Enquirer: 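Just dropping this structure here.
Quick note: residue numbers are just sequence positions, from 1. What you see is a predicted model, and the numbers here were worked out from it, not measured in a lab. Just follow the structure's listing: the first ligand is 1, and inside any ligand the first atom is 1.
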Amino acid sequence: MKKLVIIIVAAGRGSRAGEGLPKQYRMIAGKPLLRQTVTALQKIAPEAHIQVVIHENDRALYSRSVEGLALMEPVFGGDTRQQSVLNGLSGIEHLTADYVLIHDAARPFVSSEVVGAVLQTLENGASAVVPGVPIVDTIKRTNPEGELHTVDRDGLFAIQTPQGFSYRELRLAHEANIGEAYTDDGAVMEAAGHNVEICLGSEGNFKVTTAADFDRAETQMMLRTADIRVGSGYDVHRFEAGDSVWLCGVNIPHSQSLKGHSDADVALHAITDAVLAAIAEGDIGTHFPPSDEQWRGVESHIFLSHAAKLVRARSGILAHVSVIIICERPKIGPHMDAMRARIADILALDISRVSVQATTTEKLGFTGRGEGIAAQATATVRLPFDV
Ligand code: CTP
Ligand code: MG
């Protein structure tokens, strides 16, 4: 069995993608682009080690994007893609790989067909293989005078990644070409005198390069996660003596506190149950039994983060959460913005996807009598159809 390592190069600055974060950390349908690329490859080649190459300024962005995924420590890239690949190759030396696949972080829609074709070509004895799709458009080149010349497109291919190599040969080729600026590793192998083979790529495996590509990627992701689930959650805690309550992760001074095993954040508990309901994975008590002493007094954001992690483990996307807090007092209005911000932070969601509301019950029932606080929540999750 040949040993396979995948290097994902993610150290670029994304200058052609316009303003904002480097493109690999921007969201596509609520999920960082890099995370989508990593999880796609983990699913396609579960036996492979994955080495991500990042820019040294992006450490925090990187950790947040791949949180919870089983990955090796990242290595830092260089000024050119070629240098970044070489750093990745040096970083995996200890793994003594037979084959290495080099993949652009910016291609989140890598498919098992393309990876399969690349690996098969290596198995057949190639030391270098690149996936390509035949060019269908008419190709023209302008000269410095602005004159157009038609290029014969016969035999022309648009080249993609992952590209596959013998680890040893690729490393030697890179070391012999330090300081050049080839835009792919096939070219580095060519320069070192190797025969580079081609296999079939796929139209869907495009590289997110320009701002317009984000729209295309968003549409593609939406189609892949169109199994929409809505979950609801409900919780009640009674008042006891005290001086503040926790609601949506925000501490609010009050003449009483809420009684509970944890911090009694009734609103976060309702949202946690809603998220768990959306993926049909039990309820908060299933995951954090009140009988278990380790959950005594804990902050409830831990429960909610855990539910969000389960969504991500299913390759799902949390699209929206809403909660309504039901009580006469304390007044919720002044704290709503802070509550939304806190929930958005816990879930790594844009604040526009978080709603907090409040209502009284016109002095009726237990909430009306001020005996406790109730909260009711919904969560909307998008899951892939194939899970
Ligand atoms: N890359 C890298 N190190 C570099 C340059 C590029 O690791 N010094 C990576 C990018 O992060 C990307 C892949 O190589 O995943 C393909 O490069 P490209 O699409 O050109 O990305 P950027 O260089 O980031 O974008 P731009 O050229 O528009 O600045
Ligand atoms: Mg570039």
Enquirer: At less than 4.0 angstrom from any atom of ligand 1, which residues have a non-hydrogen atom? List them by chain and residue number.
Expert: Val9, Ala10, Ala11, Gly12, Arg13, Gly14, Ser15, Arg16, Lys23, Gln24, Gly78, Asp79, Thr80, Arg81, Ser84, Asp104, Ala105, Ala106, Lys207
Enquirer: Within the supplied structure, the quantity of interest is the number of heavy atoms (other residues, nucleotides, ligands) at a distance under 6.0 Å from Glu362 CD; does it exceed 12?
Expert: no
Enquirer: Applying the side-chain hydrogen bond (donor to acceptor under 3.5 Å, both in side chains) criterion to Ser300, which one of Asp263, Thr272, Asp265 satisfies it?
Expert: Asp263
Enquirer: Out of the candidates Val129, Val130, Ile198, only one should pair with Thr121 under the side-chain contact (heavy atoms from CB on, under 4.5 Å) rule; please name it.
Expert: Val129
Enquirer: Of the non-hydrogen atoms in Asp273 and Ile284, which two are nearest, and what is the gap between them?
Expert: OD1-N, 2.7 Å
Enquirer: Please determine which of Thr150, Val151, Asp152 meets the side-chain contact (heavy atoms from CB on, under 4.5 Å) test together with Ile139.
Expert: Val151
Enquirer: Inspect the contact between Arg171 and Glu93 and indicate whether a charged nitrogen and a carboxylate oxygen are less than 4.0 angstrom apart.
Expert: yes
